[in-house]
Amino acid sequence: MDTSHVLVLPQRLKALAEMAALLQRLDAQPLSVSPAQYRQVVQQLAHQLEPLAMDEALDRLLQAFPAAATVYENLHYNQAGLCRAPLETALNAEMAATALIQAVRIGSGKPPLA
């Protein structure tokens with residue numbers, strides 16, 4: 001049985017899809033490139049993502065490449081928070097961050113968050 005999926009994208013997203021696929025491969029094999037090379041791929045992907053508005057095609061691409069989805073989410077964090085993360089994951093991350101901030105404040109003598 002063939003379980004492969006074909007991702008059909010408009011031409012305007014082809015270069016982005018290639019960069020997203022490259023980042024996904026690098027994420028799967030973290031020791032295959034230097035940190036500087038990895039950073040360069042992420043920066044190029046971010047540069048390609050910045051001008052794009054979310055639409056169905058971009059959403060499909062980001063669903064197919066979780067590493068690219070993380071970059072997209074980081075670019076839009078100020079406006080949408082963890083907009084692509086499942087709700088439970090986002091909630092757990094927020095609770096962990098709040099607990100860490102409180103622990104640091106308690107350790108520094110500052111009052112904890114309410």
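Side-chain atoms are counted along with the backbone in the values below, which use heavy atoms only and exclude waters and symmetry mates.
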Heavy-atom check, side chain of [X] versus side chain of [Y], under 4.5 Å:
| X | Y | answer |
| --- | --- | --- |
| Asp27 | Thr70 | no |
| Tyr72 | Leu45 | no |
| Leu23 | Tyr38 | yes |
| Leu49 | Leu58 | yes |
| Glu73 | Leu62 | no |
| Arg105 | Ile101 | yes |
| Leu26 | Val42 | no |

For [X] against [Y], the heavy-atom pair lying closest together:
| X | Y | value |
| --- | --- | --- |
| Gln48 | Ala15 | OE1-O, 3.7 Å |
| Ala67 | Gln24 | N-OE1, 2.9 Å |
| Leu9 | Ala17 | CD1-CB, 3.6 Å |

Under 3.5 Å: donor-acceptor pair, side chain of Arg60, backbone of Val8: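 Flag set: sc Arg60 to bb Val8 pair under 3.5 Å.
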With rounding to the nearest 0.5 Å, note down the distance linking [atom1] in [X] to [atom2] in [Y].
| X | Y | atom1 | atom2 | result |
| --- | --- | --- | --- | --- |
| Leu13 | Met19 | CG | CE | 13.5 Å |
| Ser34 | Arg39 | OG | CZ | 8.0 Å |
| Gln44 | Gln40 | CD | CD | 8.0 Å |

Check whether more than 12 heavy atoms from other residues, nucleotides or ligands sit under 6.0 Å from atom CD of Glu50, and answer yes or no.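 Buried by this count: over 12 neighbours within 6.0 Å.
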